[in-house]
Amino acid sequence: MVDGGWALVERPDARIWYFETTTDAPVVVLLHGLAGHAREWSRTIDALDGEHKVVAVEQRGHGGSTRRPDDVSRQAHVDDVAAVLNDLHTDDVVLVGQSMGAHTAMLVAAHYPRLVDRLVMVEGGLGGEGPAGVAAVHEWLRDW
């Protein structure tokens with residue numbers, strides 16, 4: 001991975017880690033999919049660094065972030081991303097998400113439009129299976 005380091009955002013119910021490059025340039029934020037982690041984006045980080053400051057978030061329940069937070073709602077994920085952007089003192093980012101991360105990215109853009117300049121959704125869409133779908137995912141994650 002390129003030059004950079006890890007930073008931590010303390011949320012009321014979770015610790016959210018993110019990796020950031022040292023480049024002083026427009027910001028690209030990367031959100032991994034379900035069961036993923038920030039380091040999955042290593043090649044993308046390498047490719048974008050230099051022209052962009054790249055930030056890869058370890059979403060709650062994943063990677064080094066709090067593994068079993070009480071709140072795994074979509075809103076909690078959205079608010080975590082907003083908290084990371086606030087920690088970076090940045091807005092107007094390019095927000096890229098893959099699968100579950102794409103859904104989170106879309107919701108961040110909807111809830112916090114001033115933070116997002118461009119949105120890229122990879123292998124993701126509107127989703128929304130309702131409470132039953134969320135309950136099934138919660139049970140699946142609990143079995144980990």
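Because only heavy atoms are used, hydrogens play no part in the values below, and waters and symmetry mates are left out as well, while side chains stay in. Residue numbers start at 1 and run along the sequence shown.
Looking only at side-chain heavy atoms (C-beta outward), Val28 and Val55 stay at 4.5 Å or farther from each other.
The two residues Ile16 and Ser65 make their nearest non-hydrogen contact at CA-OG, 3.4 Å. In terms of heavy atoms, Leu31 sits closest to Trp41 at O-CZ2, 3.3 Å. Nearest heavy atom pair, residue Ala25 against residue Lys53, reads O-CB, 3.6 Å. Nearest heavy-atom pair, Tyr18 versus Val57, reported as atom, atom and distance to 0.1 Å: CB-CA, 4.0 Å. When all heavy atoms are compared, the tightest approach of Pro69 to Ala14 is CB-CB, 4.4 Å. Across Leu95 and Val81, no two heavy atoms sit closer than the pair CD1-CG1, 4.4 Å.
At least one donor-acceptor pair under 3.5 Å links the side chain of Gln98 to the backbone N or O of Gly33. Looking at Glu58, its side chain never comes within 3.5 Å of a backbone N or O of His37 through a donor-acceptor pair. No donor-acceptor pair closer than 3.5 Å links the side chain of His103 to the backbone N or O of Ser99.
Residues passing the salt bridge (charged side-chain N to carboxylate O under 4.0 Å, His left out) test with Arg118, sequence neighbours excluded: none. Residues passing the ring pair (Phe, Tyr, Trp, His ring centres under 6.0 Å) test with His32 are His62, sequence neighbours excluded.
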**Message:** Using side chain to side chain contact (heavy atoms under 4.5 Å, CB included), reason through Val93 and Thr90 one step at a time and then give a plain yes or no.
**Reply:** CA-CA 7 Å; Val93 302; Thr90 191; 3.9 Å; yes
**Item:** Worked check of side chain to side chain contact (heavy atoms under 4.5 Å, CB included) between Val116 and Asp92
**Value:** CA-CA 5 Å; Val116 181; Asp92 283 339; over 6 Å; no
**Request:** Please report the C-alpha distance between Val54 and Thr23 in whole Å, then the side-chain angles of each, then the deciding distance to 0.1 Å, and finally whether the side chain to side chain contact (heavy atoms under 4.5 Å, CB included) criterion is met.
**Result:** CA-CA 8 Å; Val54 187; Thr23 305; over 6 Å; no
**Asked** Is there a side chain to side chain contact (heavy atoms under 4.5 Å, CB included) between Ile45 and Thr21 once you walk through the steps?
**Response** CA-CA 8 Å; Ile45 293 168; Thr21 63; 3.7 Å; yes
**Request:** Show your reasoning for whether side chain to side chain donor-acceptor pair (under 3.5 Å) applies to Asp3 and Thr22.
**Result:** CA-CA 6 Å; Asp3 287 338; Thr22 58; 5.2 Å; no
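Expressed to the nearest 0.5 Å, how far CH2 of Trp17 lies from CG of Leu8 amounts to 4.5 Å. Interatomic distance, Leu115 CG to Asp117 CG, rounded to the nearest 0.5 Å: 11.5 Å. Put simply, CG on Leu107 and OG on Ser73 are 10.5 Å apart, with the number rounded to the nearest 0.5 Å. In this structure, CG on Asp24 lies 12.5 Å from NE2 on His52, to the nearest 0.5 angstrom. Considering OG1 of Thr104 and NE2 of His111, their distance stands at 10.5 Å, rounded to 0.5 Å.
A donor-acceptor contact under 3.5 angstrom links the side chains of Tyr112 and Asp79, judged on distance only.
Ion pairing of Arg60 with Asp13 is present here, as a side-chain N (NZ or NE/NH1/NH2) and a carboxylate O approach within less than 4.0 Å. For the pair Arg11 and Asp80, the salt-bridge criterion is met [side-chain N within less than 4.0 Å of a carboxylate O].
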